[in-house]
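Inspection log for the structure reproduced underneath, given as structure tokens.
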Amino acid sequence: MPTISFDGQEITFEPGQTIIEAAMASDLYIPHLCWHPDFPPHGSCKLCSVKVNGRICSACTFPAAEGQEVVSSSEEVRQLRLRLTQMLFVEGNHFCPSCEKSGQCELQAMGYYLGMTDNHYPHFFPVRDIDASHPHVLLDRDRCIFCELCVRASRADGKNVFELAGRGIHTRLVVDSPSGKLGDSNLDVNDRAAHICPVGAIVVKETAFRIPIGQRKYDRRTIAEVSVAEEAPLLRKRYEQKED
Amino acid sequence: MSKKKIRIATTSLAGCFGCHMSFMDIDERLLDLAEIADFDRSPLSDIKHCEQCDIGIVEGGVCNAENVEVLREFRNHCKILVAIGACAINGGIPALRNRCDLGDCLEEAFLTGIGVTDPKVPGDPELPLLLDKVHPVHEVVKIDYSLPGCPPSADTIWAALTALIEGNAPQLPYELIHYD
Ligand code: SF4
Ligand code: SF4
């Protein structure tokens with residue numbers, strides 16, 4: 001099997017795998033928010049930036065190739081990821097104390113993992129619409145990080161309920177329904193798209209604040225530990241299915 | 001031989017005093033602190049203006065002209081300025097008004113809101129003017145360290161404070177960094 005060097009460690013990969021897939025298959029974590037083992041990569045959050053032979057690349061889209069030297073855990077790369085995470089915070093409205101997702105949120109957990117204690121940049125305080133029209137699912141655009149996971153999941157659900165519209169700072173998550181409201185769409189609470197959001201933008205109603213503080217997903221385990229425990233097996237399953 | 005005591009100033013701007021309550025939660029460690037530190041301007045001391053201090057602790061964001069003045073006074077007089085709590089760091093709950101027009105907020109709070117009697121927007125010249133938007137403190141002055149949390153736990157505050165008193169940068173372990 002061909003190999004790459006990952007933070008000084010030799011790891012094998014299957015031809016066709018991206019760097020993040022090769023790392024994850026070896027239980028090595030590369031930070032990410034928009035990547036998910038079950039869906040094609042989107043390459044937008046840039047949290048998976050690594051240095052490949054001295055150049056910054058996105059590990060979720062960059063193919064692994066024999067002899068690459070990949071650096072993921074240097075202080076330089078941590079700083080870069082920290083600034084990207086802070087940009088995601090100031091671009092939306094993230095008031096964690098009043099958010100249903102707090103403690104279970106990947107963006108927040110990323111901040112913890114990177115040692116983020118402030119937001120560094122001036123805040124945008126954008127005005128975005130909240131959509132509570134669906135009986136079972138709430139869409140709070142204030143917290144959307146435009147990862148397109150809901151878009152990809154809804155496509156896989158065979159529905160195309162979500163899409164990103166507009167460009168740059170005007171990008172917004174839109175809903176495919178006659179009124180543009182979630183309540184008029186054919187989203188079902190059991191759809192994958194209703195459960196995939198890494199942040200508190202799409203949340204299932206009447207499930208909030210059930211788990212006490214101290215027992216929530218990221219209260220004791222870092223996002224790296226959770227990712228290796230929960231996402232690496234999904235990736236392996238996908239490769240096993242491919243081989244069958 | 002008595003060592004020169006550390007001077008600490010604290011203030012609550014657009015906050016709820018929750019961070020100060022959490023500070024009080026260091027409990028008997030307050031006695032250890034009193035051995036080595038004196039309080040300058042603070043809700044705990046009732047001193048009205050800062051002198052030169054070693055450490056300034058700021059709770060709350062900036063929502064009015066007085067907040068700006070106090071924050072600048074802290075920056076000018078404190079060698080190390082620490083932002084404490086969600087509101088100081090990102091505006092927090094008070095910043096939820098940023099999505100509304102300030103005039104609309106005043107109108108609803110004092111003229112048309114449910115249960116309002118004697119409708120009148122307060123206009124006493126003693127009252128500090130409200131800012132158009134609520135801002136985190138780092139948008140107004142340079143902040144040296146931030147302690148997130150709503151509020152940060154007493155252990156977080158203690159860990160940071162003891163590090164600073166010893167002349168080190170606070171390094172918070174994973175369990176002590178949280179944004180809620
Ligand atoms: S979505 Fe995550 S980061 Fe944003 S407010 Fe909610 S818990 Fe905080
Ligand atoms: S709603 Fe959630 S899943 Fe969809 S794009 Fe926004 S952050 Fe991603």
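Below, chains carry the letters A, B, ... as their sequence lines are ordered, and counting in each starts from 1.
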Practice task
Of all the heavy-atom pairs spanning A/N119 and B/I89, show the shortest one and how long it is.
Solution key: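 Of all heavy-atom pairs spanning A/N119 and B/I89, the closest is N-CG2, 4.3 Å.
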Exercise for the section: Return the minimal non-hydrogen interatomic distance between A/G115 and B/I177, and the atom names on each side. Expected result: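 Smallest interatomic distance, heavy atoms only, reads CA-CD1, 4.0 Å.
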Problem - A/F95 ring center near B/Y179 ring center (under 6.0 Å) - result: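 That pair fails the under 6.0 Å test.
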Rounded distance [0.5 Å steps], [atom1] in [X] versus [atom2] in [Y]:
{"X": "B/Y174", "Y": "A/R221", "atom1": "OH", "atom2": "CZ", "value": "9.5 Å"}
{"X": "A/Y112", "Y": "B/E175", "atom1": "OH", "atom2": "CD", "value": "12.5 Å"}
{"X": "A/D219", "Y": "B/H178", "atom1": "CG", "atom2": "NE2", "value": "9.0 Å"}
{"X": "A/T117", "Y": "B/L172", "atom1": "OG1", "atom2": "CG", "value": "7.0 Å"}

Greater than 12 external heavy atoms within 6.0 Å of [X]'s [atom1]:
{"X": "A/E75", "atom1": "CD", "answer": "yes"}
{"X": "B/R72", "atom1": "CZ", "answer": "no"}
{"X": "A/K205", "atom1": "NZ", "answer": "yes"}
{"X": "B/L129", "atom1": "CG", "answer": "no"}
{"X": "A/E230", "atom1": "CD", "answer": "yes"}
{"X": "B/E69", "atom1": "CD", "answer": "no"}
{"X": "B/M21", "atom1": "CE", "answer": "no"}

Exercise for the section: Name the region of B/E139, side chain, backbone, both or neither, that has any atom closer than 4.5 Å to a heavy atom of chain A. Expected result: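 It is the side chain, since no backbone atom gets that close.
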Practice task
Against chain B, label A/D142 side chain, backbone, both or neither, depending on which of its atoms sit under 4.5 Å from a heavy atom there.
Solution key: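 When you check distances to chain B, only side chain atoms of A/D142 fall under 4.5 Å.
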Practice task
Check each atom of A/Y218 against the heavy atoms of chain B and say whether the ones under 4.5 Å are side chain, backbone, both or neither.
Solution key: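 It is both, since atoms from each part get that close.
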Handout entry: Option in A/R220, A/H120, A/H123 with maximal non-hydrogen atom pairs under 4.5 Å from chain B
Key =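 Maximum pair count with chain B is reached by A/H123.
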Exercise for the section: Using a 4.5 Å cut-off on heavy atoms from C-beta on, say whether the side chain of A/Y121 contacts that of B/H138. Expected result: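 No, too far: nothing below the 4.5 Å cut-off.
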Exercise for the section: Using a 4.5 Å cut-off on heavy atoms from C-beta on, say whether the side chain of B/I93 contacts that of A/S98. Expected result: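 Heavy-atom side-chain distance check passes, below 4.5 Å.
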Handout entry: Which of B/A95, B/A86, B/A83 touches chain A most, by non-hydrogen pairs under 4.5 Å
Key =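 Top count of heavy-atom pairs under 4.5 Å with chain A: B/A95.
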Practice task
Please determine if B/D180 and A/R216 form a salt bridge, counting it only when a charged side-chain N lies under 4.0 Å from a carboxylate O.
Solution key: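 A/R216 and B/D180: salt-bridged.
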